[in-house]
> 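First, the structure itself, so that you have it in front of you.
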Amino acid sequence: MKPQIRDHRPNPMEAMYPHIFYFHFENLEKAYGRNETWLCFTVEIIKQYLPVPWKKGVFRNQVDPETHCHAEKCFLSWFCNNTLSPKKNYQVTWYTSWSPCPECAGEVAEFLAEHSNVKLTIYTARLYYFWDTDYQEGLRSLSEEGASVEIMDYEDFQYCWENFVYDDGEPFKRWKGLKTNFRSLTRHLREILQ
DNA sequence: TTTTTTGTCTTTTTT
């Protein structure tokens, strides 16, 4: 029997289709059926205090039991294996549909602690299990390691639409409740990070 | 023009 060789380090996608974006990034209070996480990222290199665009792309969690991997870990392994140099300073920005689970948050926090040359900003559309203290603790540990954790606002959705969606020249169409949901999530996040 | 009990990166072994 031949050993099966599988790639445990998926490469990022270039962009996603509009219906995927609208479904997975909608910041609903009760987001039924969003049992996937999408993560859009930009990596910039800081040169003389100025961020210079480097790479960008989209990850989705791997559901295949063999390669099962949350989106954040997909990013980390890709980043560590492809881009990361200890001699450079990076600004990494994530736009995620769900905020990280405690395990991923812990790993990312640890990664940040070990890589002082990497700054991370996370914009999340929705907070994952935000009433659960373990999940809250996860977000705090990220924050304590210097990651900036924020809720996606209109401008962030629009930015994602323009940079990570095959938008065919169509403008971003806001959904009703976007701003109200944003405010409510911001309030929750503020309480968590206090 | 502020008020909450919850949406989930799906579940691993049996016919």
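None of the values given here were measured: they were computed from a predicted structure. Per chain, numbering begins at 1; letters A, B, ... match sequence-line order.
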> May I have the distance from Y135(A) (atom OH) to dT6(B) (atom C1'), rounded to whole angstrom?
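Taking OH of Y135(A) and C1' of dT6(B), I get 14 Å after rounding.
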> Would you call the rings of F79(A) and Y90(A) parallel, tilted or perpendicular, taking 30° and 60° as the class edges?
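Aromatic pair F79(A)/Y90(A) classed perpendicular.
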> Please state whether the rings of F59(A) and F75(A) are parallel, tilted or perpendicular, taking 30° and 60° as the class boundaries.
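It falls in the perpendicular class, over 60°.
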> Would the distance check show the side chain of T37(A) and the main-chain N or O of A71(A) forming a donor-acceptor pair, the cut-off being under 3.5 Å?
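No.
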> Find the distance H70(A):NE2 to dT10(B):C1' and express it as a whole number of Å.
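Computing the H70(A):NE2 to dT10(B):C1' distance gives 10 Å.
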> Tell me whether the side-chain N or O atoms of Q62(A) pair up with the base of dC9(B) as donor and acceptor below 3.5 Å, since no angle test is needed here.
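In this structure, the two groups form no donor-acceptor pair.
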> Need to verify one output field. Residue with the more 5' nearest nucleotide on DNA chain B, P65(A) or K30(A)?
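In this pair, the answer is K30(A).
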> Using a 4.0 Å heavy-atom cut-off across all strands, classify R126(A) as base, sugar-phosphate, or nothing.
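It contacts base atoms.
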> Does a side-chain N or O from Y128(A) land closer than 4.0 Å to OP1 or OP2 of dG7(B), or not?
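Looking at the OP1 and OP2 atoms of dG7(B), neither is under 4.0 Å from any side-chain N or O of Y128(A).
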> In whole Å, what is the span from the CG atom of L189(A) to the P atom of dT4(B)?
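Those two atoms, CG and P, are 18 Å apart.
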> Is V58(A) reachable from Y159(A) through a run of hydrophobic residues whose side-chain heavy atoms are each under 4.5 Å from the next?
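Yes.
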> Atom CZ of R187(A) and atom P of dT5(B): how far apart are they, to the nearest Å?
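Between P of dT5(B) and CZ of R187(A): 12 Å.
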> In whole angstrom, what separates D64(A)'s CG from dT12(B)'s C1'?
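It is 13 Å, rounded to the nearest whole Å.
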> Looking for any heavy atom pair under 4.0 Å, which part of the strands does T96(A) touch: base, sugar-phosphate only, or nothing?
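No contact.
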> Measure the distance from CZ on F130(A) to P on dG7(B) and round it to the nearest whole Å.
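In whole Å, dG7(B) P and F130(A) CZ are 10 Å from each other.
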> In this structure, how many angstroms lie between the C1' atom of dG7(B) and the NE2 atom of H188(A), rounded?
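One finds 12 Å between C1' of dG7(B) and NE2 of H188(A), rounded.
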> What residue among W78(A), Y123(A), W94(A), F164(A) forms ring pair (Phe, Tyr, Trp, His ring centres under 6.0 Å) with F41(A)?
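Only one of W78(A), Y123(A), W94(A), F164(A) forms a ring pair (Phe, Tyr, Trp, His ring centres under 6.0 Å) with F41(A), namely W78(A).
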> Any side-chain N or O of N61(A) less than 4.0 Å from the OP1 or OP2 oxygen of dT10(B)?
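For dT10(B), OP1 or OP2 has a side-chain N or O of N61(A) closer than 4.0 Å.
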> What is the distance from CG of L185(A) to P of dT4(B), rounded to the nearest Å?
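Taking atom P of dT4(B) as the reference, CG of L185(A) is at 14 Å.
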> Compare side-chain N and O positions of H68(A) against OP1 and OP2 of dT10(B) and report whether any pair is under 4.0 Å apart.
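Result: yes.
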